[in-house]
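All chains are named by letter (A, B, ...) in the order of the sequence lines, taking the proteins before the strands, and each is independently numbered beginning at 1. This one's a predicted model, so the numbers in the text were calculated from it and none came from an experiment.
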2 protein chains.
Amino acid sequence: MACRVIEYGGAMSRWAPDAALRLERAAIELFTVQGYAATSVPQIAARAGLTTRTFFRHFPDKRDVLFLRERELPGVVAALVAGAPAFLSPLGLVMHGFEAMATGPFEGWREDIRSRRAIIESDQGLRERELLKNVLLGEVISEALERHGVAGDEARMVARYGVTVFELALTDWLQADGSAFVDVLHSTAYRMGRLVRPARQGE
Amino acid sequence: MACRVIEYGGAMSRWAPDAALRLERAAIELFTVQGYAATSVPQIAARAGLTTRTFFRHFPDKRDVLFLRERELPGVVAALVAGAPAFLSPLGLVMHGFEAMATGPFEGWREDIRSRRAIIESDQGLRERELLKNVLLGEVISEALERHGVAGDEARMVARYGVTVFELALTDWLQADGSAFVDVLHSTAYRMGRLVRPARQGE
DNA sequence: ACTCTGATGGCATGCCGTGTCATCACGGTC
DNA sequence: GACCGTGATGACACGGCATGCCATCAGAGT
């Protein structure tokens, strides 16, 4: 079967280093055409020129193939938070990390993310997996905050809040046309902060 | 098999109205003893005196049996938000609903919720399901806010924030000993609001 | 040429979840 | 009291998901 070599960032191993990428590509194509539920793992593997068993070596389950691109996200964001200026507030640290993501790689991935989102929202199981990934991201950020000296409970709260802002901003950015992700992120953070500010009458 | 009649709120149908409850009880017992993954649906059904097919008539999948008690939660909270005083801020409306839940039924369910939580946290799939339930709760609350005249995007933000506060408070309440849920809820809301307040230096 | 490593293929297995039809208890009707 | 409709359950078949196990095989290092 064609072992098309896709440049990936350098020679990794002696075998075709793109097995996971081929599987991901085949899966997205099939999901788009015939839907997620109607696509079987053997079908994906066959289209990628691999076997079912190999699919499950690269992905823990069928759903995970749609999140290959996000595997490194927690580590990257955590590193960005870890490297944020120490004088920032806890929320400032988190937003610093997200801001760097928004101005960096995300800006060019809009259509990729959009097409994946369309598939994810078509299936409840995929939605669940996405929620878990977000929570996991929050936990990693929380640890990074603790290494900045933020107390554990405060770190958890700020991390969860930050991830929520990121999620909502991402959704807005994918729907709205033309805006830069950074701007949407800032706008969302500002508006949400205002809404959530403890008001005297509303508890 | 013993068809123990559990009072549930009134005669529902002519058959034993407690099939779902029997299944839930059997499932929790087995999950506690041998773990979630090591327990099969046929095993649960047999212990409840029913068949596998009947299990899937009461629950869409194996995970859902642990969330039977929360089925009515979204409706209840939405009704509480809908009935909240109109002069409250959007966040005040949401917190009003949660506050009523906290002072009401939740206070007596602590140990039940705690044992379920222990099982849920032992399995990734169960965590995912719980996250989905929380998001669904947020969506229902968001709709209730819109019926109060809150704009769509603001409703989404406030609802997500409120659910997050509720989650964090619930976790704290289950771990800490002795505190009333309402107090933990208020404390969490206050502390999180302070952390999240837009600071001048931190974006 | 030899060995070691690690990705892959192939097979078997068990559980999950669903479609389909039969059964059977109960309530209503005459 | 006999009839029928309703709706929950039982029984069976079936396909897909996920994993354990072992064989294979290509390449790297010696």
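Look at B:E130 and B:R116 and you find no salt bridge, because none of the NZ, NE, NH1 or NH2 atoms lies under 4.0 Å from a carboxylate O. For B:E29 and B:R47, the salt-bridge test passes: some basic side-chain N is under 4.0 Å from an acidic carboxylate O.
Rounded to an integer number of Å, the gap from B:F59 CZ to C:dC16 P is 14 Å. Between B:K62 atom NZ and C:dT18 atom P the separation is 15 Å, expressed in whole Å. If you take OH of B:Y36 and C1' of D:dA18, they are 14 Å apart, rounded to a whole angstrom. Between B:F56 atom CZ and D:dC14 atom P there is a gap of 19 Å when expressed in whole angstrom units. Look at CD on A:Q43: it is 15 Å from P on D:dA18, rounded to the nearest Å. The separation between A:D64 atom CG and D:dC17 atom P is 15 Å, rounded to whole Å. Across the protein-nucleic acid pair, A:D61 atom CG and D:dG16 atom P stand 17 Å apart, rounded to whole Å. The separation between B:L50 atom CG and C:dT23 atom P is 20 Å, rounded to whole Å.
For the pair A:R53 and A:P42, nearest-nucleotide mapping onto DNA chain D gives the more 5' position to A:P42.
Partner of B:F59 under the side chain to side chain contact (heavy atoms under 4.5 Å, CB included) criterion, out of B:I44, B:L68, B:V41: B:L68 alone.
Between A:H58 and C:dA7 there is no side-chain N or O to OP1 or OP2 distance below 4.0 Å. The shortest distance between the side-chain N/O atoms of B:T54 and the OP1/OP2 oxygens of D:dT9 is not below 4.0 Å.
In this structure, the ring of A:F166 has its center less than 6.0 angstrom from the ring center of A:F181.
A donor N or O paired with an acceptor N or O is found under 3.5 Å between the base of D:dG10 and the side-chain atoms of B:R57.
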